[in-house]
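Everything on this sheet refers to the single structure shown next.
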Amino acid sequence: MFDGTFTADPQQIYDRVRAHGPAGPVELAPGVDATLVVEHETALRVLQNPSLFARDSRRWKALNEGRVPLDSPILAMMAYRPNCLFTDGAVHLRLRQAVTATFDRLNMTRLRRDVEPIADFLIDQFSERGRADLINDYAKMLPLLLFNKLFGCPADIGDTLTSSLGALFDGIDVQRANAELTASLMRLISIKRRQPADDVTSWLIQHPAGLTDEELKDQLVMLMGAGFEPQRNLIGHALHLLLSKEGSGGSGMLIEEAIDHVLWHNPPIANYAAHFPVRDVDLGGVIAEANSPVVISFAGANSDPALKEARESHNKGAHLAWGAGPHSCPAKDPALVIAITAIERILNALPDLALTVPDEQLQWRPGPFQHALAALPVRFSPTPATRMVAALQTAAPLPPAEQPGAPAAEPERQGQPAPKRGFWSTLVDLFRV
């Protein structure tokens with residue numbers, strides 16, 4: 001699942017596995033074997049049975065025995081962290097309650113108002129050129145900048161998080177990116193413990209679960225990572241569909257319809273949710289050995305022939321793009337608000353957007369966990385970069401750490417050379433103006 005064949009046409013891999021049963025053996029990366037579940041009913045069996053299929057990857061037998069390369073890029077996505085994704089039982093319930101309670105505090109109207117000025121800022125960066133890459137110029141950057149806002153990041157921390165998260169998911173110098181991400185999040189937690197504000201980081205700190213700094217750091221890694229990659233793909237794939245012949249160039253399909261189509265046919269995360277059976281399990285004739293990875297193919301399960309009728313009607317309750325069971329996505333509603341707002345904003349700002357590359361020439365990013373566009377080149381009539389002026393008049397206020405006149409987040413860092421400025425610093429300065 002790491003070579004060009006899978007990248008070009010993942011469905012043929014799902015069909016090949018399905019021809020032998022509801023699940024089958026795959027190689028996620030060199031030296032990393034797993035069982036891939038491609039049948040909808042079997043996927044639900046795994047997702048909804050935590051007593052038999054654990055999520056704690058410390059059980060991973062091949063990794064514990066040294067049979068998985070320690071420099072494998074897969075480890076960044078599958079190695080244990082003390083967060084909701086990799087815990088079970090009472091520990092998972094405690095962490096999950098803190099996360100869901102935090103998401104419950106998000107105001108969807110305010111979230112939409114937070115997305116709009118960030119979208120306008122990004123559109124302003126390329127609107128005068130008359131051309132753009134809607135993945136790397138827009139769909140990738142928007143969730144990164146939004147999360148900096150939602151998590152209350154000071155400018156320099158936000159710049160580091162933006163670059164390190166992007167590198168982590170693109171597989172670029174993963175160990176360095178992970179170290180930078182960890183250090184930045186620990187600084188953010190330290191700041192928010194001293195100066196709590198109206199943001200996700202502070203809400204997690206204040207939750208009665210009493211998360212430790214290490215637990216807080218890893219919940220933030222999960223929330224940012226689980227939001228960044230799926231959000232980028234959901235926005236990018238829906239824009240691709242709306243601008244393609246299938247979407248009638250943006251005039252024949254509603255945004256919500258495009259999103260539903262993507263969730264069914266090209267889910268933002270195609271294969272993930274690694275489980276580790278507590279004993280050998282028969283998955284329809286394929287034995288999943290105890291403590292070996294069983295990975296759910298959300299894309300494969302969605303394309304299960306048994307779901308033909310539900311798929312054709314785009315039944316929202318049947319697809320597995322949001323997962324299922326105790327580890328299902330807790331941020332479905334915010335994710336939809338973000339994607340719909342981002343897509344509306346750019347289609348309204350640049351109404352004559354048109355693809356410049358035919359579908360067969362589009363490039364897809366390699367990797368076993370997603371079938372994601374590497375780029376989405378478009379052209380449009382150049383327009384002045386003046387959208388931020390209007391957006392700032394209605395934008396929600398910045399966190400206290402970002403407001404003019406606010407005390408320095410970490411006085412001990414004063415006098416050091418100023419860090420390299422990134423997108424978040426630039427956007428923060430615009431809000432200050």
Side-chain angles (χ1 to χ4, degrees), residues 114-149 158-172 224 227-244 247 249-250 255 258-259 262 266 268 335 338-359 361-365 370 372-391 420-431:
D114 285 338
V115 173
E116 290 174 346
I118 293 172
D120 289 341
F121 166 76
L122 291 172
I123 295 167
D124 276 352
Q125 307 307 302
F126 54 74
S127 64
E128 294 180 343
R129 300 200 308 256
R131 54 182 173 78
D133 170 3
L134 294 187
I135 299 298
N136 295 294
D137 294 340
Y138 192 68
K140 176 181 178 178
M141 296 305 305
L142 188 143
L144 287 173
L145 296 178
L146 177 65
F147 294 156
N148 286 340
K149 174 71 162 55
D159 285 342
T160 303
L161 290 179
T162 300
S163 61
S164 58
L165 270 174
L168 205 59
F169 276 95
D170 290 338
I172 301 172
M224 291 182 176
F228 163 53
E229 177 71 11
Q231 202 74 61
R232 161 168 66 174
N233 296 338
L234 183 57
I235 295 170
H237 294 166
L239 281 169
H240 171 227
L241 179 61
L242 287 164
L243 298 175
S244 68
I255 293 173
I259 288 176
V262 169
N266 192 11
I338 294 166
I340 291 171
T341 306
I343 295 168
E344 284 178 345
R345 207 68 176 179
I346 193 166
L347 292 181
N348 289 335
L350 306 172
D352 62 346
L353 276 172
L355 298 175
T356 60
V357 174
D359 279 1
Q361 294 182 19
L362 288 172
Q363 299 296 311
W364 298 85
R365 290 164 48 217
Q370 79 285 311
L373 285 165
L376 187 62
V378 295
R379 64 175 184 275
F380 49 86
S381 300
T383 61
T386 57
R387 293 165 190 81
M388 278 297 294
V389 175
K420 182 180 179 181
R421 298 178 57 77
F423 267 103
W424 183 237
S425 293
T426 305
L427 182 56
V428 166
D429 279 351
L430 283 172
F431 273 95

- Item | Minimum heavy-atom distance Leu350-Ser127, with the two atoms named | CD2-CB, 4.5 Å

- Item | Closest approach of Phe228 to Lys140 (non-hydrogen atoms, all atoms of both residues) | CE1-O, 3.4 Å

- Does the pair Leu362 and Leu355 meet the rule for a side-chain contact (heavy atoms from CB on, under 4.5 Å), with working shown? CA-CA 10 Å; Leu362 288 172; Leu355 298 175; 5.7 Å; no

- Interatomic spacing from NE2 in His240 to CG in Asn233 - rounded to 0.5 Å: 13.0 Å

- Message: Once side-chain contact (heavy atoms from CB on, under 4.5 Å) is applied, do any residues pair with Ala374, and if so which ones, sequence neighbours excluded?
- Response: Gln363, Arg365

- Write down the atom of Leu376, the atom of Gly236, and the distance for their closest heavy-atom approach. CD2-O, 3.8 Å

- Message: So, using side-chain contact (heavy atoms from CB on, under 4.5 Å) as the criterion, who are the partners of Pro358 when residues are at least two apart?
- Response: Glu360, Gln361

- Item | Rounded distance [0.5 Å steps], CG in Asn266 versus CG in Leu234 | 10.0 Å

- Item | Contact list for residues 346-357, test side chain to side chain donor-acceptor pair (under 3.5 Å), sequence neighbours left out | Asp352-Ser381

- Query: Would you find a donor on one side and an acceptor on the other, under 3.5 Å apart, between the side chain of Glu116 and the backbone of Thr341?
  - Reply: no

- Residue set satisfying salt bridge (charged side-chain N to carboxylate O under 4.0 Å, His left out) with Asp137, at least two apart, ordered chain then number -> Arg129

- Message: If I take atom CZ from residue Phe380 and atom CG from residue Leu134, how far apart are they, to the nearest 0.5 angstrom?
- Response: 8.0 Å

- List in chain and number order the residues that pass salt bridge (charged side-chain N to carboxylate O under 4.0 Å, His left out) with Glu128, two or more places apart in sequence or in another chain; answer none if no residue qualifies. none

- Item | side-chain hydrogen bond (donor to acceptor under 3.5 Å, both in side chains) against Thr160, all qualifying residues, sequence neighbours excluded | none

- How long is the gap from CG on Leu353 to CG on Leu243, to the nearest 0.5 Å? 5.5 Å

- Item | Audit row: Arg345, Tyr138, side-chain contact (heavy atoms from CB on, under 4.5 Å) steps and yes/no | CA-CA 11 Å; Arg345 207 68 176 179; Tyr138 192 68; 4.0 Å; yes

- Quick one: closest heavy-atom pair of Ala139 and Ile235, and the distance? CB-CG2, 3.8 Å

- Task: Provide the closest heavy-atom pair for Ile343 versus Ala238 in the form atom of the first, atom of the second, distance.
- Result: CD1-CB, 3.6 Å

- Minimum-distance pair of heavy atoms, taken over all atoms of Pro377 and Val357: CG-CG2, 3.4 Å

- Item | Flag side-chain contact, heavy atom, 4.5 Å: Leu161 against Leu144 | no

- Taken to the nearest 0.5 Å, the spacing of Leu142 CG from Leu145 CG works out to 7.0 Å

- Task: Working to the nearest 0.5 Å, report the span between CD1 of Ile255 and CG of Leu239.
- Result: 8.5 Å

